[in-house]
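Because only heavy atoms are used, hydrogens play no part in the values below, and waters and symmetry mates are left out as well, while side chains stay in.
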Amino acid sequence: MQISPHIGSQLVDLCSALLLLTCFAIVAQRRLSACVDLFALQSAFLVLTAALVAFLTGNHHIYIAAALTGVIKVVIIPRVLKKVIERLNVKRELVMNVNVPAGLLICGALVMLAFFITQPIIPLGFLLTRDSLAIALAIVLIGFFTMIARQKAVSQLIGFLVMENGLFLGATAATYGMPLIVELGVFFDVLIAALIAGIYTNRLQDAFDSVDTSHLTVLKE
């Protein structure tokens, strides 16, 4: 089955827009378990985007990256985070550095900033994914903002994983994906980081009876 480049580009842009939409949903969400579900949904959209790019471009190594994304980010990491949340009995993000309405406004400003930064670059590209570059940068910025705005270790980890999703989309948009060996290394690092963060969260709960990372500022040598 053949799809015209114009329609293919529109489909990639649609999937990228769905990724960005889940970022706003994560910022607006106060329940940690729902944030984990939204991250899994965002990762599923990333799998769909990568598979679509692989189909349209014929770069079969992207199928492997998409499959790894599905296994690690849609299945394994959300299950690990759900178990951490259940063990710690932490259901809600009660303390936030920025409230939800202000956070959504800031995210809107970050999206405009991302489009402003990439606007001079996009017309120079020739890839059918070039329009997704601005969305990828916006997702990275929103993920970084989520790490700053939230105080619970689990939600900060979700912000980090959202940033990684944005970087993966950016690599796909800019170069049709990184070399396979690099992608394998990145996925392994992300999986290890998620497991270590789960252990770190448990230790934080044991030490302070809370997973609020602001308690770390009281530590002394």
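Note that CD1 of Ile62 is 11.5 Å distant from OG1 of Thr49, once rounded to the nearest 0.5 Å. Going from atom CZ of Arg30 over to atom CG of Asn99 covers 7.5 Å, rounded to the nearest 0.5 Å. With rounding to the nearest 0.5 Å, the separation of CZ in Phe144 from CG in Leu110 is 10.5 Å. Remark: Glu164 CD to Leu46 CG distance equals 8.0 Å, nearest 0.5 Å. Rounding to the nearest 0.5 angstrom, the gap separating the OG1 atom in Thr146 from the CG atom in Leu141 is 10.5 Å. Taking OG1 of Thr69 as the reference point, atom CD1 of Ile64 lies at 11.5 Å (rounded to 0.5 Å).
Annotation for Leu52 and Cys15: closest pair CD2-SG, 4.3 Å, computed over non-hydrogen atoms. Taking each heavy atom of Ser16 and Ser132 in turn, the nearest pair found is OG-OG, 2.9 Å. Here the shortest heavy-atom pairing between Val100 and Ala28 reads CG1-CA, 3.7 Å. For Pro78 against Ile72, the heavy-atom pair with the smallest separation is CD-O, 4.0 Å. Taking all atoms of both residues into account, the shortest heavy-atom contact from Lys82 to Asp37 is NZ-OD1, 2.8 Å. Residues Val27 and Cys107 approach most closely at CG2-SG, 3.6 Å, considering heavy atoms.
Inter-residue side-chain proximity for Gln42 and Val162 is flagged as met; some heavy-atom pair is nearer than 4.5 Å.
Hydrophobic clustering keeps Ile77 apart from Leu48 (ILVMFWY residues linked when any side-chain heavy atoms are closer than 4.5 Å, directly or through intermediates). In the hydrophobic cluster analysis, where Ile, Leu, Val, Met, Phe, Trp and Tyr join through side-chain heavy atoms closer than 4.5 angstrom, Phe160 is grouped together with Ile76. Residue Val36 is not grouped with residue Leu21 when hydrophobic side chains (ILVMFWY) are merged at heavy-atom distances under 4.5 angstrom, including chains of intermediate members. Using a 4.5 Å cut-off between side-chain heavy atoms of Ile, Leu, Val, Met, Phe, Trp and Tyr, with links allowed through other members, Val47 and Leu14 fall into different hydrophobic clusters. No path of Ile, Leu, Val, Met, Phe, Trp and Tyr side chains, each step under 4.5 Å between heavy atoms, connects Val80 with Val75, placing them in separate hydrophobic clusters.
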**Message:** If you apply the rule side-chain contact (heavy atoms from CB on, under 4.5 Å), what do you find for Val111 with Phe24, and how did you get there?
**Reply:** CA-CA 11 Å; Val111 172; Phe24 280 86; 3.8 Å; yes

**Request:** Would you sort out whether Ile142 and Leu20 count as a side-chain contact (heavy atoms from CB on, under 4.5 Å), showing the intermediate values?
**Result:** CA-CA 9 Å; Ile142 293 174; Leu20 181 60; 3.8 Å; yes

**Worked verdict on Phe45 versus Asn165 for side-chain contact (heavy atoms from CB on, under 4.5 Å)** = CA-CA 10 Å; Phe45 286 140; Asn165 277 352; over 6 Å; no

**Prompt:** Can Val53 and Asn59 be said to form a side-chain contact (heavy atoms from CB on, under 4.5 Å), step by step?
**Reply:** CA-CA 8 Å; Val53 172; Asn59 290 309; 5.8 Å; no

